[in-house]
There are 4 protein chains.
Amino acid sequence: MATRITRTSGAMRKAPKQARSRATIDAILDAAAHILGERGWSAFTTNAVAETAGVSIGSLYQYFPDKLALIDAVRRRHFDDVLAVLQAGANPEIPRTRRIAALVDGMIAVHSRHPAAHRVLMEESPRGDTSRSAHDRFELACRKAYEALFIANASGGSHHVRLAAQVLAGALAGAVHEAARQGQLASPVLRWELVTLVNAYLSRARPVSVSRSEKVPAVRV
Amino acid sequence: MATRITRTSGAMRKAPKQARSRATIDAILDAAAHILGERGWSAFTTNAVAETAGVSIGSLYQYFPDKLALIDAVRRRHFDDVLAVLQAGANPEIPRTRRIAALVDGMIAVHSRHPAAHRVLMEESPRGDTSRSAHDRFELACRKAYEALFIANASGGSHHVRLAAQVLAGALAGAVHEAARQGQLASPVLRWELVTLVNAYLSRARPVSVSRSEKVPAVRV
Amino acid sequence: MATRITRTSGAMRKAPKQARSRATIDAILDAAAHILGERGWSAFTTNAVAETAGVSIGSLYQYFPDKLALIDAVRRRHFDDVLAVLQAGANPEIPRTRRIAALVDGMIAVHSRHPAAHRVLMEESPRGDTSRSAHDRFELACRKAYEALFIANASGGSHHVRLAAQVLAGALAGAVHEAARQGQLASPVLRWELVTLVNAYLSRARPVSVSRSEKVPAVRV
Amino acid sequence: MATRITRTSGAMRKAPKQARSRATIDAILDAAAHILGERGWSAFTTNAVAETAGVSIGSLYQYFPDKLALIDAVRRRHFDDVLAVLQAGANPEIPRTRRIAALVDGMIAVHSRHPAAHRVLMEESPRGDTSRSAHDRFELACRKAYEALFIANASGGSHHVRLAAQVLAGALAGAVHEAARQGQLASPVLRWELVTLVNAYLSRARPVSVSRSEKVPAVRV
DNA sequence: AATGAATGAGAGTTCATTCAT
DNA sequence: TATGAATGAACTCTCATTCAT
């Protein structure tokens, strides 16, 4: 039950020198992503990945020194895809409304293929050292994309662009996750609501200041 | 690494008849919540819980038929706490602004003790049968709390109250999760931004209709 | 899975001094026999016995030092019953035919209450030291009863009365066990066949001498 | 102490592709049979089997999905051996006297290697689904072999051939088991008595009809 | 390079037995 | 004396990883 991963895993055991190697690696990554998305983290065993990929377990370990390196590779590849989505909507030439729509559509698309995989990669699976920088680059890129929306939009005037961008990112991701869990990703109403959410927050209808409510019940855990 | 849980677990094995039992059960639940929050699901082994609780593994199994029943019990106890928070802000007599603030403060409070625990309980750990009804009651209560905000507020006029409430719930949870991950739960700015988010969405600044953006890059996984 | 019994168990921890003790012991023995017969050896746990008997596990251990002593006590009590059956048919005044019928009926009766219990007691459950002498007395009495049949019947003229008696005992027990397994204990035809079996063997229709068959295939295990 | 087996086990986990596998499987089965025969069911733990076989516990589980599948495999292999013995004596060309001798010798041989193993396999150890059909085939073959003796022998004229065959099978098995327990399997006198038993029953010296004896003492358990 | 048999630490769970109350 | 909570050794089974072929 525990994650028996101790070794600090290096990136990839060997660089693909031949086309065959590259094909093997891709088969392994595809199989890994597939299992993660369809059957979840608990079914993600190295033996299962190797079998699904149609290679021997020995071959898998020839390319990935351990399980951590494997999941990191999957994550890296997934990040690239998501970044492509985000940047497609980052062009400042496009009107803001259209960019918001592109953002929402992109997020929906990201979660539509294998709804579980994204969440598993982001939240459930352990991170190796390799993943660190890739993950940082990813978060940076995401933040930039969201910040760009705020910056382009002077109306709100928040001086906490960075935190606001983070809130927006978390909110959109959370709403999409929940919709994915409910199987509503394809709903046009959902899309509309998400667009509304982003738009409204960017427009920042100013609330009246509120003081901290006096009594919040204690919460265990 | 895998979650080797198959048996469908019943609630609790035996009702405590002596005061000592109750103390043991509480120690176990506290230890379970603590491990879950501080060290995550992968460190959540029955033996670790028993040891942390200062009881023998046999005692743990005297009260919880299996690991699933244990995690379910933790979840149920946590749900009760969260529900208390939500209902504290559900009183329609209180002005909307104040209720929103209470909601945000409640969510922040919920995640402040063991930031990871909430997420782990909600997303990462498997659910037993026992948990099902408790979870349903919980989701219903959450939805009601959020819907109440929309209903009280006629301005938006959305006919999809339920979905909008779900979007808001997911968005707020996501933003809070992300803030918890960044260690910003105590920040007043964060609180302000979350209040702004809820307020803005409830006010539903109507965006101009947007057509689906033509090209969204494909996303693997 | 293993039988974790190591201690050499003494007979019974304390002699029943009061009527209440006697009642408790009987309740425990009844519960033990019941579980053994209805649910088999694998369900025969000390906790289950205590619960079925309606006493605490502590009380059980007050009277039986360990599980071995308990099962031995059950066995002893069962032996007494079987011996009573056997001796009822041992009276030499009664004609042989009638005695054989009584023997067969007795064996059928012995297995009719809880078909599984007899087998479990005889074959499946471990024997403690206490049981040794009781078991010896039992086997002796059985043998005597069977030998009496041979002795009364001079016709066969076997000089190996003891071994023949043992063969007869084993054969009858085996046939009855098999019938019990098939649920045929109540069948009159079965009874008739068993009587025939005993009768025929006692009459010892002399077979022609046979030489050892030359080739018997080897058998593993 | 209890048999903690619940899962319904499938046959064998994977077919051996290399010679090494076959050797491992055989070593495991041999070790399993050995432990069963020499030290009984209670010593039959998966770790003990693996250790005796000189392989790791992991290897054992590579080929047998669980303990049930292992014991079933042992049983199947044993059945095959016993069937070979029985059929060796089933040839109708051979005179009846010789066939009876072959049967008795076969049964003695079956129990001579590991006297306890046969009994344990037949009576004491739990059965998986795999074992079911093999066991049925086995019982059928046994019955056929015994029935053949009755059918060939018109003298008795019993119309209950099937039940008579079952009685004979049970009787012979019981007598052999008892002899095995007493360590008398090698005794020529025992062999002679067994032959006599079978012969006598087949010849069915007709007993005078007997009425059910009136009073059979009650038997507990 | 590739294969897949083998390994073994470690996780979940049971139950005979003890001992504070 | 009686109770039942507590104990922990022992057992079944998994899966990341290695290595002979």
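Letters A, B, ... are given to chains in the order of the sequence lines, protein chains preceding strands, and every chain is numbered from 1. Since the structure is predicted, the reported quantities are computational estimates derived from the model, not experimental observations.
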*asked:* Check B:R76 with B:D72, please: is the shortest side-chain N to carboxylate O separation under 4.0 Å?
replied: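 Looking at B:D72 and B:R76, the cut-off is not met.
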
**Check against side chain to side chain contact (heavy atoms under 4.5 Å, CB included), C:D30 and C:R77** = CA-CA 10 Å; C:D30 285 343; C:R77 207 177 62 157; 3.0 Å; yes

Of the candidate nucleotides [options], which contains the atom at the shortest distance from the side chain of [X]?
| X | options | answer |
| --- | --- | --- |
| B:K67 | F:dT17, E:dT17, E:dT13 | E:dT13 |
| C:S59 | E:dA16, E:dA6, F:dA2 | F:dA2 |
| C:Q62 | F:dC11, F:dA2, E:dT7 | F:dA2 |

Output the rounded distance in Å from [atom1] ([X]) to [atom2] ([N]).
| X | N | atom1 | atom2 | answer |
| --- | --- | --- | --- | --- |
| A:E51 | E:dT3 | CD | P | 13 Å |
| C:Y63 | F:dT1 | OH | P | 7 Å |
| B:R22 | E:dT21 | CZ | C1' | 20 Å |
| B:F64 | F:dA5 | CZ | C1' | 14 Å |
| A:D66 | F:dT18 | CG | C1' | 13 Å |
| A:L68 | F:dC15 | CG | P | 17 Å |
| B:W41 | E:dA11 | CH2 | P | 13 Å |
| D:L70 | F:dC11 | CG | C1' | 14 Å |

Point to revise | DNA chain F: stems of at least 3 consecutive Watson-Crick or G-U pairs whose donor-acceptor distances fall under 3.5 Å | key: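 When the pairs of DNA chain F are grouped into runs of at least three, the stems are E:2-21 with F:2-21.
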
Flag side-chain contact, heavy atom, 4.5 Å: [X] against [Y]:
| X | Y | answer |
| --- | --- | --- |
| D:T24 | D:L60 | no |
| B:L70 | B:F44 | yes |
| B:I57 | B:V49 | no |

B:T46 vs B:F64, side chain to side chain contact (heavy atoms under 4.5 Å, CB included): CA-CA, chis, key distance, verdict = CA-CA 10 Å; B:T46 52; B:F64 303 96; over 6 Å; no

Margin query: Let me spell it out: for each of B:I57 and D:I57, pick the nucleotide of DNA chain E with the closest heavy atom. Which residue's pick is nearer the 5' end?
Written below: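 Going by which nucleotide is closer to the 5' end, it is D:I57.
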
- prompt: If you pin D:N47 and B:Y61 to their nearest nucleotides in DNA chain E, which one's is more 5'?
  reply: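 Looking at DNA chain E, the more 5' nearest nucleotide goes with D:N47.
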
Side-chain N,O (C:S56) to OP1/OP2 (F:dT3) below 4.0 Å |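 C:S56 to F:dT3 OP1/OP2: side-chain N or O found under 4.0 Å.
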
Worksheet entry | Chi angles and distances behind the side chain to side chain contact (heavy atoms under 4.5 Å, CB included) call for D:Y63, D:L29 | CA-CA 11 Å; D:Y63 297 107; D:L29 288 178; over 6 Å; no

For C:T24 and for B:L60, find the nucleotide of DNA chain F with the closest heavy atom, then tell me which residue's nucleotide is more 5'.
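It is C:T24 whose nearest nucleotide is closer to the 5' end.
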
Discussion item. Which is more 5' along DNA chain F, the nucleotide nearest C:G54 or the one nearest D:T46? Just name the residue.
Written reply: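 On the 5' side of the pair lies C:G54.
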
